[in-house]
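Read the structure below first, then the notes.
The figures that follow rest on heavy atoms only: side chains count, while hydrogens, waters and symmetry mates do not.
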Amino acid sequence: MAALIAPPAPTGVACARAMSFRSVAKRVPVAGARVQPRKTNVAVRAVAKGEGSIREQAGRRAPLEKSSLFSAKYVPFAGDSNEEYSLDEVIYRSQSGGLLDVQHDMEALAIYPPEYWKALFDERVGKTVWPYGSGVWSKKEWVLPGIPDEDIVSMFEGNSNLFWADRYGRENLGMKDLWVKQCGNSHTGSFKDLGMTALVSQVNHMRRQGKPLAAVGCASTGDTSAALSAYAAAAGIPSIVFLPADKISLAQLVQPIANGSLVMSIDTDFDGCMRLIRQVTAELPIYLANSLNSLRLEGQKTAAIEILQQFDWQVPDYVIIPGGNLGNVYAFYKGFKMCKDLGLVDKLPRIVVAQAHNANPLYRAYKAGFENYEAIKAEPTFASAIQIGDPVSIDRAIYALKETNGIVEEATEEELMDAAAEADLTGMFNCPHTGVALAALKKLRANQTIGPDDRTVVISTAHGLKFAQSKVAYHSGQIEGIIGKYANPPVVVKEDFGAVMDVLTKRLQSEQYKS
């Protein structure tokens, strides 16, 4: 297996930065890469020879050259700069009670020029060499550099498609450069897989070190519990999830049940579940897996890096993110900022956070100029995964918005359901949370904040199939107070040729069928 060569000497960094992607790719053999593309993949060939699984091969692989230079640690998100903790410690908050952040040794990472990192990430993407075929672990040095490859728990998550919403953008919004990042095209059907592979891998690593962690646990609005239960099951680690009773979809509920989690359905909302899980993890050897834990954000930030990679390292003008607990907002900012700080790109996109009107504490703070934030009691919303009135990452999100000259917009229930259905008519199949982002986009186009030529990326956080019940209700006219502008209910026809022909003839004469 080719090893990563030593970085250029300091005197040669400027020269190396000017080298082309092609020349760097040729000069630098990368771990997990096929140096000669026409040859059989190294990992596949090794397995065929009976040399063990791809995980076992990773355990025998020599460490990357200079990998000992890369490190990460916990520091307060805002607070004492001298306070720091090892990632191997079980800790969730700083001494002052504030959030923690994972801080990387950026000077060490900067030893390698931008073209080197681009070549390395591009060489790894989509391969089967453990663990670099994952969209998260292809950026391992930027995620959890100190974890052994054999301790990683991965389902080759990430690498989700960046979909050009050509017809929807052109016909509905007058845009030619609209894209949808399909983060729901993942193992458990949501972006939460990106963060959970990082967190569960670290837990797996700590348990192998002898740390007394009996289980992992989370409060969830559905997607977090699905991701945690799957990754914990893959690692053989018990999992416990707290769910608000009757507030998540059936598809979301059945996922942790199927993966063997202890599922506790609690008569409260997400915020109530979150308070309980924090109390429980303070008393029992259960590792907290919510986005209060900043390890999750290290995996989630790779979606931002992946977007830049898919655009050949060009920065979009706007990125629109559905916002609930708001950890993902900071994660995207962190991924973009890391790329800028290490010279892979030269600017940041403007971040737009889209909230449901029924759960909009960040929107209210934004309208007040961020001078005052108040938690609210979130009301029911079809965008149930973001039905959160007291988001843990409120401070992180506000920081990300200020750093990117960001925007916060909201959508009513009718606006979000209509937006999702309208986009579905152009070939998508959107979850309600993506509907929130699309509704926000429509408002920003209407007031000309976003122009027709602005490259815009909408983050689709989950697969529409996880929320099929809401689509059934919409198209069957079962939602009180919502007309369903784009409803398309099935036509009931008796088994009779004449009756079928009557329906078809009438439909073919409609405007929809005229070319």
Separation of I351 CD1 from F336 CZ (nearest 0.5 Å) = 6.5 Å
For K334, which residues count as a side chain to side chain donor-acceptor pair (under 3.5 Å) partner, sequence neighbours excluded?
-> D101, E298
So, S220 side chain and S225 main chain: donor-acceptor pair closer than 3.5 Å or not?
-> yes
If you measure from CD1 on I398 to OH on Y330, what distance do you get to the nearest 0.5 Å?
-> 13.5 Å
If you measure only the distance, is there a donor-acceptor pair under 3.5 Å linking the side chains of N430 and D424?
-> yes
For the side chain of R167 and the backbone of L425, is there at least one donor-acceptor N/O pair under 3.5 Å apart?
-> yes
Regarding D88 and Y74, is there a side-chain donor-to-acceptor distance under 3.5 Å anywhere?
-> no
With a 4.5 Å heavy-atom cut-off, do V129 and I54 have their side chains touching?
-> no
Atom pair CD1/CZ of I386 and F270 - distance to nearest 0.5 Å = 12.5 Å
Crowded around N447 CG? As in, over 12 foreign heavy atoms under 6.0 Å?
-> yes
Mind running side chain to side chain contact (heavy atoms under 4.5 Å, CB included) on M196 and T224 for me, showing each step along the way?
-> CA-CA 8 Å; M196 212 55 77; T224 298; 3.8 Å; yes
Within a radius of less than 6.0 Å around NZ of K367, do more than 12 heavy atoms belonging to other residues, nucleotides or ligands occur?
-> no
Is L416 close to T381 at the side-chain level, that is, under 4.5 Å between some pair of heavy atoms?
-> yes
I305 versus L308: any side-chain heavy-atom pair under 4.5 Å?
-> no
Show your working on salt bridge (Lys or Arg N to Asp or Glu O under 4.0 Å) between E403 and K340 and close with a plain yes or no.
-> CA-CA 13 Å; E403 290 294 301; K340 182 176 183 292; over 6 Å; no
Gap between atom CZ of F242 and atom CG of L262 - 0.5 Å precision = 8.0 Å
Close side-chain approach of R124 to K139, heavy-atom, < 4.5 Å | no
Hey, does the side chain of N159 reach the backbone of G133 with a donor-acceptor pair shorter than 3.5 angstrom?
-> yes
Working for side chain to side chain donor-acceptor pair (under 3.5 Å), residues E414 and T412 = CA-CA 5 Å; E414 186 164 27; T412 66; 5.8 Å; no
To the nearest 0.5 Å, tell me how far Y231 OH sits from H187 NE2.
-> 6.5 Å
Find out whether I237 and Y287 are in side-chain contact, i.e. whether some heavy atom of one side chain is under 4.5 Å from a heavy atom of the other.
-> no
If you look at every heavy atom in T197 and S201, which pair is closest and at what distance?
-> O-OG, 2.5 Å
Would you sort out whether V319 and I459 count as a side chain to side chain contact (heavy atoms under 4.5 Å, CB included), showing the intermediate values?
-> CA-CA 7 Å; V319 175; I459 306 302; 3.8 Å; yes
When the ring centroid of W130 is compared with that of F156, is the distance short of 6.0 Å?
-> yes
All heavy atoms of L326 vs all of S393, minimum pair found to be C-CB, 3.6 Å
Between G158 and E306 the two heavy atoms that sit nearest each other are C-OE1, 3.9 Å
Main-chain N/O of Y486 paired to Y474 side chain as donor or acceptor, under 3.5 Å = yes
If you measure from CG on L178 to CH2 on W164, what distance do you get to the nearest 0.5 Å?
-> 10.5 Å
Is the shortest side-chain N to carboxylate O distance from E422 to K442 below 4.0 Å?
-> yes
Side chain S96, main chain S94, donor-acceptor under 3.5 Å = no
Under 3.5 Å, is there a donor-acceptor pair between the side chain of R396 and the main chain of V329?
-> no
Report the C-alpha distance between M338 and H104 in whole Å, list the side-chain angles of each, state the deciding distance to 0.1 Å, and finish with yes or no for side chain to side chain contact (heavy atoms under 4.5 Å, CB included).
-> CA-CA 10 Å; M338 208 165 177; H104 289 260; 3.8 Å; yes
Side-chain (Q355) to main-chain (Y363) donor-acceptor, under 3.5 angstrom | yes
Do the side chains of C431 and T461 get nearer than 4.5 Å, heavy atoms only?
-> yes
Test side chain to side chain contact (heavy atoms under 4.5 Å, CB included), reference I450, set L173, I320, I407, D317, output is I320
Verify side chain to side chain donor-acceptor pair (under 3.5 Å) between E410 and H357, making sure each step is shown before the conclusion.
-> CA-CA 5 Å; E410 67 171 356; H357 173 75; 3.0 Å; yes
Test D193 against S186 for side chain to side chain donor-acceptor pair (under 3.5 Å), laying out the working first.
-> CA-CA 7 Å; D193 293 353; S186 190; 2.8 Å; yes
Given the rule in the side chain to side chain donor-acceptor pair (under 3.5 Å) test, do N290 and Y92 qualify, once you have shown the distances and angles that lead to the verdict?
-> CA-CA 10 Å; N290 282 94; Y92 311 114; over 6 Å; no
Locate the shortest heavy-atom distance separating I307 from P316; write the atom from each residue and the value.
-> CG2-CG, 4.4 Å
For residues S384 and F467, report the shortest heavy-atom separation together with the two atoms involved.
-> OG-CE2, 3.8 Å
Shortest non-hydrogen separation from P391 to Y373 and the atoms involved | CD-OH, 3.2 Å
May I ask you to establish whether K181 and F191 are in a cation-pi arrangement, using a distance under 6.0 Å from NZ or CZ to the six-membered ring centre and at most 45° from the ring axis?
-> no
Taking side chain as C-beta onward, heavy atoms only, is L292 less than 4.5 Å from N325?
-> no
So, does R55 use its side chain to make a donor-acceptor pair with the main chain of V153 at under 3.5 Å?
-> no
Crowding at CD, E374 (>12 non-hydrogen neighbours, <6.0 Å) | no
Okay, side chain of K301, backbone of W142: is any donor-acceptor separation there less than 3.5 Å?
-> yes
Counting distance only, does the side-chain N/O of R350 pair as donor-acceptor with the main-chain N or O of N405 below 3.5 Å?
-> yes
Evaluate side chain to side chain contact (heavy atoms under 4.5 Å, CB included) for L253 paired with L243, printing each intermediate quantity in order.
-> CA-CA 8 Å; L253 174 62; L243 299 175; 3.7 Å; yes
Are the side chains of S470 and F382 in touch, meaning some heavy atoms are under 4.5 Å apart?
-> yes
